[in-house]
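Residues: numbered from 1 along the sequence shown. As the structure is a computational prediction, the values presented were derived from the model and not from experiment.
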Amino acid sequence: MAEHRFEDFNGLVMYRKNYKEKDMLVKILTDRFGKKMFYLRGANKPRFRLSAAILPFTQAEYGGDIRDDGLSFLNNVKSASQFQSISNDLFLNAYATYILGLVDVGFPDSEPLGSWYPKIEQALSLIDEGFDAAMITHIIEIQMLQVFGVQPQLQVCAVCGRSDLPFDYSESYGGLLCQRHWHLDVNRFHGSQRAIYYLRLFSVIDLFKIQSVNVEQTTQMELKTMIDRIYQDTVGLSLKSKQFIDKMYSFDSQLPQLKKVPSEIDSTPKDD
């Protein structure tokens, strides 16, 4: 018989789905037990007592029966709040869903996430507060490469270790090449220095210290192209939420609301 224990924990609703006629399965990212699937009997009945606490993009302090294997069970909720902006905005919803999708694929169920739990929670908080959702998502994408077993060298030249020359990204060399070694890879990204700057910055930036983000639209598009290529070639993911985001970009000119008013990350380099 699987071991179980009654515990209090903080959690974030990742998704839910109907189960049988009136029941529901709810996947929650927890601060202590990793991702857990909870079985809620009668969750589809009117006036279910935990309805507000199991809405998507809800974070709460829960109490429940945690099972090491199989389904766990929720018993009570002490406090609950929802990311309102994310819940009410189709595009913010897509970015948040994609971030949670990366977490779902990147971490095994029931494996504690350690520092990744507060990082994911902070990323969603920033998006909900109005920070540029695309840029916050790119930060998570770049930093999660290590979770998928990909750790490109994004601080110094992968060949000589220099950090004082213009860089470009090389998939063949697993990271950056300084200008002295660009000839080694004719298929390097040929990225602008501004985009490479953000690729490097986002790999080490602390989400808890961000006060604002400002990246020009052309650089955003280039950065997205770079990260997409790294994920396609080295991680191999194709999440539905990512496909929706890509469609949003293709209709960008027709959807001006996608272009949020940016705040700032201070120093940006000039293209060489």
Determine whether [X] and [Y] make a side-chain contact, defined as any pair of heavy atoms from C-beta on separated by less than 4.5 Å.
X	Y	value
L199	L223	yes
L237	K242	no
F202	I227	no
D128	F57	no
D104	L239	no

Quiz item: Which value, rounded to the nearest 0.5 Å, describes the distance between N75 atom CG and I66 atom CD1?
Solution: 9.0 Å
[X] side-chain N/O to [Y] backbone N/O, donor-acceptor pair under 3.5 Å:
X	Y	result
R16	I54	yes
S72	R67	yes
K35	F107	yes
D89	S85	no
D65	F6	no

For [X] and [Y], does a side-chain donor sit closer than 3.5 Å to a side-chain acceptor?
X	Y	answer
D132	Q220	yes
Q155	S163	no
T97	N93	yes

Single-linkage hydrophobic cluster, 4.5 Å side-chain cutoff, [X] and [Y] together:
X	Y	result
I86	F244	yes
W116	L12	yes
Y169	V204	no
F9	F73	no
I205	V156	no

Self-check item: With K119 via side-chain hydrogen bond (donor to acceptor under 3.5 Å, both in side chains) - residues at least two apart
Solution: Q143
Which heavy atom of [X] sits nearest a heavy atom of [Y], and at what distance?
X	Y	result
D68	S110	O-OG, 4.0 Å
K20	D23	CD-OD2, 4.0 Å
S170	D185	OG-OD2, 2.6 Å

Quiz prompt | Which residues share a ring pair (Phe, Tyr, Trp, His ring centres under 6.0 Å) with Y19, sequence neighbours left out | solution = Y39
Self-check item: All ring pair (Phe, Tyr, Trp, His ring centres under 6.0 Å) counterparts of F83, not counting sequence neighbours
Solution: none
Could you tell me whether [X] atom [atom1] has more than 12 heavy atoms of other residues or ligands within 6.0 Å of it?
X	atom1	answer
R41	CZ	no
E129	CD	yes
R180	CZ	no

Quiz item: Only one of E141, E222, E171 forms a salt bridge (charged side-chain N to carboxylate O under 4.0 Å, His left out) with R229, so which one is it?
Solution: E171
Practice problem: Would you check, one step at a time, whether the test side-chain contact (heavy atoms from CB on, under 4.5 Å) holds for V147 with L102? | Solution: CA-CA 10 Å; V147 174; L102 289 176; over 6 Å; no
